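Notes to accompany the following structure.
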Amino acid sequence: QVQLVESGGGLVQAGGSLRLSCAVSGRTFSNYAMGWFRQAPGKEREFVAAISWNGGGTAYADSVKGRFTISRDNAKNTVYLQMNTLKPEDTAAYYCARTSFTFVATPTHAFLYNVWGQGTQVTVSS
């Protein structure tokens with residue numbers, strides 16, 4: 001069974017940086033696109049970033065474009081989210097997810113992902 005384990009969250013001041021990691025079990029990691037989503041208290045889960053199965057394509061929410069970078073290391077079965085110039089509105093639980101289908105590009109809708117991690121909390125103080 002595939003498992004996703006996020007790490008790297010924490011408390012940071014506005015303007016600071018964090019790097020989230022998502023370690024994925026299983027031998028077919030490199031066949032799937034991966035995504036990051038976030039959910040703030042009282043709000044719906046929202047798309048943050050996605051990366052294609054081979055890392056050749058990426059997609060970002062407008063709210064994080066230019067500040068966040070998604071990447072993956074298929075040799076380590078790990079996907080990353082580098083977050084720079086953090087803002088208080090970035091405060092949320094961050095989840096990584098694996099797409100339902102192999103060899104797709106960069107899905108931005110949550111229903112296209114069927115395996116989710118437990119989440120890691122990011123808190124940005126003003």
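Only a predicted model underlies this, so the values are computations on that prediction, with no experimental measurement involved.
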>> Just verifying a value: how many Å separate Asp90 CG and Thr123 OG1, rounded to the nearest 0.5 Å?
In response: 11.0 Å
>> Walk me through whether Val124 and Glu89 qualify under side-chain contact (heavy atoms from CB on, under 4.5 Å).
In response: CA-CA 8 Å; Val124 185; Glu89 51 264 43; over 6 Å; no
> Does NZ in Lys43 sit with more than 12 non-hydrogen atoms of other residues, nucleotides or ligands closer than 6.0 Å?
Replying inline: no
> Are Val115 and Val24 grouped together when hydrophobic residues (ILVMFWY) are joined by side-chain heavy atoms under 4.5 angstrom apart?
Replying inline: yes
> Do you know the tightest heavy-atom contact between Ser21 and Thr78?
Replying inline: CB-CG2, 4.3 Å
> Side-chain heavy atoms under 4.5 angstrom apart, residues restricted to Ile, Leu, Val, Met, Phe, Trp, Tyr: same cluster for Tyr113 and Leu4?
Replying inline: no
> For Ala49 and Leu81, which heavy atoms make the closest approach, and how far apart are they?
Replying inline: CB-CD1, 4.1 Å
> Between Arg45 and Trp116, does a side-chain contact (heavy atoms from CB on, under 4.5 Å) hold up when you go through it step by step?
Replying inline: CA-CA 12 Å; Arg45 187 169 298 190; Trp116 294 80; 3.1 Å; yes
> Nearest heavy-atom pair of Val122 and Gly9: which atoms, and what distance?
Replying inline: CG2-CA, 4.2 Å
>> So, taking the atom named SG in Cys22 and the one named CD in Gln118, what distance separates them when rounded to the nearest 0.5 Å?
In response: 8.5 Å
> Can the ring centres of Phe47 and Tyr60 be said to be less than 6.0 Å apart?
Replying inline: no
>> Within the 4.5 Å heavy-atom criterion, are Ser7 and Arg19 side-chain neighbours or not?
In response: no
>> So, applying side-chain contact (heavy atoms from CB on, under 4.5 Å) with Ile70, which one of Val64, Val79, Thr106 is it?
In response: Val79
> Which pair of non-hydrogen atoms, one from Pro107 and one from Leu112, has the smallest distance, and what is that distance?
Replying inline: CB-CD1, 3.6 Å
> Can you name the closest pair of heavy atoms from Glu6 and Trp36 and give their distance?
Replying inline: CG-CZ3, 3.9 Å
> According to a 4.5 Å side-chain heavy-atom criterion applied to Ile, Leu, Val, Met, Phe, Trp and Tyr, with indirect links allowed, do Phe101 and Phe111 form part of one hydrophobic cluster?
Replying inline: no
> Among Gln82, Lys87, Met83, whose side-chain contact (heavy atoms from CB on, under 4.5 Å) with Arg67 holds?
Replying inline: Lys87
> Of all heavy-atom pairs between Tyr95 and Gly117, which one has the smallest distance, and what is that distance?
Replying inline: CD2-O, 3.6 Å
Could you list the donor-acceptor pairs under 3.5 angstrom formed by side chains in residues 50-58, with sequence neighbours left out?
residue	atom	partner	partner atom	Å
Ser52	OG	Asn54	OD1	3.0
Ser52	OG	Gly55	N	3.4
Ser52	OG	Gly56	N	3.1
Ser52	OG	Gly57	N	2.9
Ser52	OG	Gly57	O	3.4
Asn54	OD1	Gly56	N	2.9

> Between Ser17 and Asn84, do the side chains contain an N or O donor and an N or O acceptor separated by less than 3.5 Å?
Replying inline: yes
Let me have the donor-acceptor pairs involving side chains of residues 25-35, under 3.5 Å, with sequence neighbours excluded, atom names and distances please.
residue	atom	partner	partner atom	Å
Ser25	OG	Gln3	N	2.7
Ser25	OG	Gln3	O	3.4

